[in-house]
Amino acid sequence: MHSISRNMNKFNIEDFPHKRYNPLTGEWILVSPHRAKRPWQGQVEKTAQEERPAYDPGCYLCPGNERAGGKRNPNYKGTYVFTNDFSALLSDTPDGNIDEGGLFMANSEKGICKVLCFSENHSLTVPEMSVTEIRKVVDLWCIEFQEIGSRDFINYVQIFENKGAIMGCSNPHPHGQIWASSSVPVEPTKESFTQKTYFEQHGATLLSDYLQAELKKQERLIVQNDSFVALVPFWATWPFETMIISQRPVQNILELNDSEKTGLADIYKKLTIKYDNLFETSFAYSAGLHQAPTDGGDYPGWHLHMHFYPPLLRSATVKKFMVGYEMLATPQRDITAEQAAKRLRELPDIHYKNK
Ligand code: H2U
Ligand code: ZN
């Protein structure tokens, strides 16, 4: 109702198109809240839910099965990790570079790619796993981050999960990946720079100051526990983009204590339950941890967090495309971060399949 009494001549971010700044990347996005009010006549149907068996003889991630490269998985229980049979980065790439006057530049890149099975149970997804089971995934992340990150030629370890065919995920078996590289990739490089600069200017991490401000405002929070907060960042680009931020500023998951590791498992489950409940579908996303580089440096400004980039917009089938203006100019959204957070926050905490 307050919108009626609002002075419509005065700029405000609930009614007028505006740009929002992302302090982690130093980039801007366009928000068009007035467009979210236009009528929508598209379909809002639910997709037919496929029921998957606990074991699929044709799945290359299920225990005991043969993978595409000819190797066979052991009869594992819980988590299982293997080197990607089609690794995008290789550990034995020779050093070298090409530079023809700055117009044709190429550098050799070494790396390691691994696939992490989250559970032996083919039918599960993260929101359907128990916190104890997800904690095993967190423990595996710690082991792999420590082991891979300590290699001389690895300077950055990217842990991530692609979920859903819509995100290009090849297999519904619950799993994630690690791609680790000798150089720090593009997104973490931006965040390294902005977090370092902020820390030097303020003596606190960018994300701890941001988190404190969000906890005060209460506008974009979704769920939280003693160790982590899940929220829609002010600068979110995807309709239901979220971040999980550690309450304590730590540079990487190895600095988390035992209860914080369980806290990470707990919030991963809580947030993905909200996601599934939004359109009563197994919600697709790309998610991943952002942590300090593993080049041996100290990064006091780096603050552990996890990004979730989901493409769904209005239903189990209607997704957002980053096309046109977004490809050529700047990413844009209609529904505001505050509206998205409110919708997610108000959803039940129990998975819709268990209702
Ligand atoms: P997604 O998480 O996007 O589904 O990718 C699965 C990875 O699994 C993909 O990188 C690897 C692919 O190379 N893979 C294997 O390592 N072995 C196989 O037998 C099939 C797929
Ligand atoms: Zn499987």
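One-based numbering, in listed order, for ligands and for the atoms of each. All heavy atoms count here, side chains included; hydrogens, waters and symmetry mates do not. Numbers here are sequence positions counted from 1. Because the structure is a prediction, the values reported are computed rather than measured.
Taking a cutoff of 4.0 Å between a charged side-chain nitrogen and a carboxylate oxygen, K355 and E280 qualify as a salt bridge.
A side-chain donor-acceptor contact under 3.5 Å links Q251 to the backbone of Y299. A donor-acceptor pair is defined here as one N or O able to donate and one able to accept, closer than 3.5 Å; no such pair exists between the side chain of T281 and the backbone of F283.
Y156 is linked by a ring-ring contact (aromatic ring centres under 6.0 Å, His included) to nothing, counting only residues two or more places apart in sequence or in another chain. Considering only residues two or more places apart in sequence or on other chains, D85 meets the salt bridge (Lys or Arg N to Asp or Glu O under 4.0 Å) condition with R67.
Taking the six-membered ring for Trp and the full ring otherwise, the centers of W141 and F160 sit at least 6.0 Å from each other. Between H305 and H307, the distance from one ring center to the other falls under 6.0 angstrom.
Relative to the six-membered ring of F240, R343 misses at least one condition, a distance below 6.0 Å or an angle of at most 45° to the axis.
Near ligand 1, residues Y60, R67, A68, F82, N84, D85, F86, V115, N162, G168, C169, S170, N171, H175, Q177 come within 4.0 angstrom through at least one heavy atom.
Note that the CE atom of M306 and the CD atom of Q291 stand 10.0 Å from one another [nearest 0.5 Å].
Distances under 2.8 Å from the Zn ion (ligand 2) pick out the protein N/O/S atoms C59 SG, C62 SG, H122 ND1, H173 ND1.
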